[in-house]
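Note that ligands are numbered from 1 as they come in the structure, with each ligand's atoms numbered from 1 the same way. Basis for what follows: all heavy atoms, side chains included, without hydrogens, waters or symmetry-related copies.
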Amino acid sequence: MDCTPILDALARRVPKDQNTYIAPDGILRCTNCHGTREVTIDLLGMGSKIVPCICRCMARQRDQEIQRLKDQEAYDRIQRMRSLGFQERTLAEASFARDDRKNPKISDALRKYAEHFAELRKDGKGLLLYGPVGTGKTYYAACVVNEVIRSGRPALLTSFPRLINQVSGADWADRQPMLDRLTDYSLVALDDLGVERQTDYTIEQMTMILDTLYRAGIPLIITTNADPSRLSKATDIRVQRIWDRILERCHPIAVTGESRRRGKGQENFRQGKEILGI
Ligand SMILES: [Zn+2]
């Protein structure tokens with residue numbers, strides 16, 4: 001059989017785009033990787049057909065695009081979680097990288113907690129950060145919440161007063177579902193636990209919130225200005241119960257040191273003095 005007409009026909013084929021050429025074997029190839037850009041498929045006894053295929057560079061480009069979309073999706077999800085997880089915008093920016101490390105021991109301990117969160121989460125292990133006002137307890141809690149969100153898990157930083165307000169403001173029927181929604185989070189940080197001098201209603205609400213999270217095994221990070229040694233001796237049995245629940249799952253860490261608020265105030269004062277000269 002004389003193949004010349006076929007070869008001639010193949011030689012006359014014009015590549016469809018400038019990144020391809022017709023190789024001497026008559027196959028369309030990529031100018032970059034020289035991989036084939038078409039393949040002959042057998043039509044089960046009914047002849048054959050040439051169909052386009054992708055070369056190595058196209059496959060690489062496709063994989064990069066898939067990865068880019070995945071990254072974008074993950075980024076969007078994290079941004080969404082961040083906006084849901086922080087009710088205070090400034091705390092959404094809190095991170096160990098931005099931490100001033102005035103208290104390196106605490107910074108390191110909390111960073112380790114965030115790093116080992118996957119294992120600690122299984123046992124519902126949380127933290128109790130206690131100490132005087134202004135020592136950065138909320139900031140540390142926010143750093144952990146942010147780190148957990150960054151790892152792709154939903155986490156929330158809120159406070160007992162805020163939660164109680166939300167629950168009290170809801171219709172009766174919505175209250176339990178509202179609390180149950182808290183258990184969708186992998187970590188819940190409750191800022192500013194003040195169990196002393198509370199009304200019966202507040203204690204009841206706090207117990208309900210803690211019970212819901214406790215039953216679901218959600219790790220908690222609780223910050224408080226209260227003194228644990230005093231609270232464990234509280235005369236109110238309900239306060240003791242709240243306290244027992246917290247200590248059962250939350251590792252206590254004393255956050256002490258100079259008040260950052262006062263430190264910041266002094267710094268502002270110094271700056272003011274420098275500028276004003278008085
Ligand atoms: Zn190629």
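Heavy atoms from other residues, nucleotides or ligands lying under 6.0 Å from CG of Leu44 number 12 at most.
Protein N/O/S atoms closer than 2.8 Å to the Zn ion (ligand 1): Cys30 SG, Cys33 SG, Cys55 SG, Cys57 SG.
Here the closest non-hydrogen pair linking Arg121 and Tyr185 is NH2-O, 4.2 Å. Across Cys250 and Leu127, no two heavy atoms sit closer than the pair CB-C, 3.5 Å.
When only modelled atom types and interatomic distance are considered, Gln67 and Asp63 share no side-chain donor-acceptor pair under 3.5 Å.
For the atom pair Tyr130 OH and Leu193 CG, the distance stands at 14.0 Å (nearest 0.5 Å). Annotation: the span from Leu182 atom CG to Leu190 atom CG amounts to 8.0 Å, rounded to 0.5 Å.
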